[in-house]
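Beneath this line is the structure, given in structure tokens, with notes to follow.
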Amino acid sequence: MSSAETVTLRRLAWAGVEVASGDDRIVIDALKNPADLAGFQGMPRRPLPNIEASPGVRTHAFVTHLHPDHCDRLLLAEYAATEGCTVGCHTPIVDVLGGMGITAVAQDMGERRKIGPFTTIPVPSHDWRGDDQVAWIVEAPGLRVIHFGDTIWHGKWWEIAREYGPFDVAFLPIAGVMARREGITPTNQPATLTPEQAVEAAVVLGASTACAIHYDLFNNPPYYTEQHDVRGRFLRAAEARGINGIAPGDGKPVPFAAAAA
């Protein structure tokens with residue numbers, strides 16, 4: 001059995017993803033406590049799957065950026081306080097997490113960190129408000145996945161593909177959110193990838209599978225509005241481009257066929 005065959009992938013709630021092998025588990029943008037989101041995104045439409053630290057399992061939680069739907073401060077503090085578990089982040093936000101009482105392991109852009117059978121690498125991503133953000137690559141022997149948080153369409157896709165691709169699975173937001181916040185001039189441009197943009201990103205990245213995340217859980221007009229039929233649009237766009245597009249439910253396994261060199 002190859003190393004890749006011992007790895008499991010799971011889509012958590014919202015933008016959350018789990019990559020696991022044996023007693024080691026990596027979770028990215030895991031969400032358990034939504035109370036901080038009530039004023040802007042509203043409350044989730046359904047209960048969130050359980051992602052607490054498990055006895056005997058070394059959970060390593062990674063954060064793409066500080067927005068509270070991606071950075072659950074209470075859950076991260078729980079992980080950080082659990083023996084054998086860690087929190088990982090991009091270097092510019094480590095002090096902010098420290099101010100929340102969360103001790104984190106910082107990585108510079110492109111820096112590799114070895115965790116059990118996994119290697120993690122932060123790579124460029126871009127936020128609609130200009131806040132610091134990264135995407136996370138997780139590698140294991142015979143497997144390479146990449147996870148993006150709130151990313152918009154940007155010019156770094158080709159650089160990432162050239163330096164790190166191809167990928168077995170790309171986790172990409174698809175909600176095409178239209179956002180309105182006090183103090184920010186409103187525009188008619190989406191604050192996250194649209195379904196069609198997510199598919200095009202997967203094409204550029206050389207992803208064998210594109211997995212939809214960050215959709216169908218929060219919708220709070222006029223502040224935070226998901227575009228129409230995003231799941232259907234994503235799957236149709238993937239089919240049209242010859243990409244294996246999937247959209248598992250909250251807490252469901254992510255099927256994949258390891259192919260990346």
Side-chain angles (χ1 to χ4, degrees), residues 10-18 27-52 61-79 87 89-90 93 96-97 99-100 102 125-136 147-154 171-195 197-198 211-234 247-252:
R10 189 163 65 111
R11 182 185 170 230
L12 306 177
W14 195 229
V17 167
E18 175 190 86
V27 295
I28 307 172
D29 287 358
L31 179 63
K32 174 187 172 184
N33 305 285
D36 288 347
L37 310 178
F40 177 50
Q41 287 178 241
M43 295 301 286
R45 293 170 166 172
R46 53 188 172 271
L48 306 181
N50 184 8
I51 48 172
E52 296 176 348
F62 286 80
V63 181
T64 58
H65 63 299
L66 291 169
H67 296 177
D69 57 325
H70 298 259
C71 178
D72 182 336
R73 55 188 175 84
L74 298 178
L75 180 60
L76 293 176
E78 178 184 328
Y79 287 142
V87 174
C89 70
H90 183 213
I93 68 171
V96 180
L97 291 175
M100 299 178 184
I102 300 164
S125 186
H126 292 275
D127 172 71
W128 65 287
R129 297 191 309 194
D131 295 339
D132 181 79
Q133 183 170 170
V134 295
W136 286 101
H147 170 281
F148 291 86
D150 266 348
T151 195
I152 57 173
W153 181 262
H154 56 73
F171 294 96
L172 295 154
I174 68 166
V177 169
M178 305 303 292
R180 300 287 185 268
R181 295 213 70 161
E182 184 178 351
I184 298 177
T185 302
T187 74
N188 291 323
Q189 293 300 310
T192 61
L193 292 177
T194 66
Q197 288 174 331
C211 182
I213 61 171
H214 199 278
Y215 74 99
D216 192 39
L217 188 64
F218 297 100
N219 195 50
N220 188 34
Y223 306 108
Y224 197 88
T225 307
E226 181 174 294
Q227 292 189 12
H228 71 284
D229 187 28
V230 292
R231 185 179 186 274
R233 287 165 53 193
F234 171 77
D250 298 346
K252 299 299 183 182

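Count residues from 1 along the sequence. Bear in mind that the values here come from a model prediction, so they are computed numbers and not experimental data.
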Pairwise side-chain contact, Thr192 with Ile152, heavy-atom cut-off 4.5 Å (strictly under): no
Side chain to side chain contact (heavy atoms under 4.5 Å, CB included) assessment of Asn219 paired with Gln41: CA-CA 6 Å; Asn219 195 50; Gln41 287 178 241; over 6 Å; no
Side chain proximity check, Leu76 to Val63, heavy atoms < 4.5 angstrom: yes
Within-4.5 Å side-chain heavy-atom neighbours: Ile28 and His70: no
Value rounded to 0.5 Å, distance of CD1 in Ile51 from CD in Glu78: 9.0 Å
Listed partners of Phe148 passing ring-ring contact (aromatic ring centres under 6.0 Å, His included), at least two apart: Trp157
Charged N-O contact under 4.0 Å between Asp250 and Arg11: yes
Student check: side-chain heavy atoms of Leu31 and Leu48 closer than 4.5 Å: yes
Interatomic distance, Ile93 atom CD1 to Leu66 atom CG [nearest 0.5 angstrom]: 4.0 Å
From CD (Glu18) to CZ (Arg10), nearest 0.5 Å: 4.0 Å
Side chain proximity check, Leu193 to Thr151, heavy atoms < 4.5 angstrom: yes
His65-His90 aromatic ring centre distance below 6.0 Å: no
Side chain to side chain, Met178 and Glu226, heavy atoms closer than 4.5 Å: no
Residues Asp29 and Thr64: side-chain donor-acceptor under 3.5 angstrom: yes
Side-chain donor or acceptor of Asp127 paired with backbone N/O of Gly130 under 3.5 Å: yes
Any side-chain donor near an acceptor of the partner, Asp150 and Trp128, under 3.5 Å: no
N/O donor-acceptor pair under 3.5 Å between Gln133 side chain and Ser125 backbone: no
Point-to-point distance, once rounded to the nearest 0.5 Å, from CG of Asp72 to CG of Asp36: 7.5 Å
Trace of the side chain to side chain contact (heavy atoms under 4.5 Å, CB included) decision for Tyr215 with Arg231: CA-CA 8 Å; Tyr215 74 99; Arg231 185 179 186 274; 4.0 Å; yes
His147 side chain to Ala15 backbone, donor-acceptor under 3.5 Å: yes
Pro222 to Arg180 - nearest heavy-atom pair and separation: O-CG, 3.3 Å
Pro195 versus Phe234, closest heavy-atom pair with distance: CB-N, 3.5 Å
Counterpart residues, ring-ring contact (aromatic ring centres under 6.0 Å, His included), relative to Phe40 (two or more places apart): Tyr224
Inter-residue atom distance Thr225.OG1 - Asn220.CG, 0.5 Å rounding: 7.5 Å
Step-by-step side chain to side chain contact (heavy atoms under 4.5 Å, CB included) determination, Thr194 to Gln227: CA-CA 8 Å; Thr194 66; Gln227 292 189 12; 3.8 Å; yes
Arg73 (side chain) donor-acceptor with Leu97 (main chain) under 3.5 angstrom: no
Atom pair CH2/CG of Trp14 and Asp216 - distance to nearest 0.5 Å: 8.5 Å
Heavy-atom side-chain contact between His214 and Ile174 under 4.5 Å: no
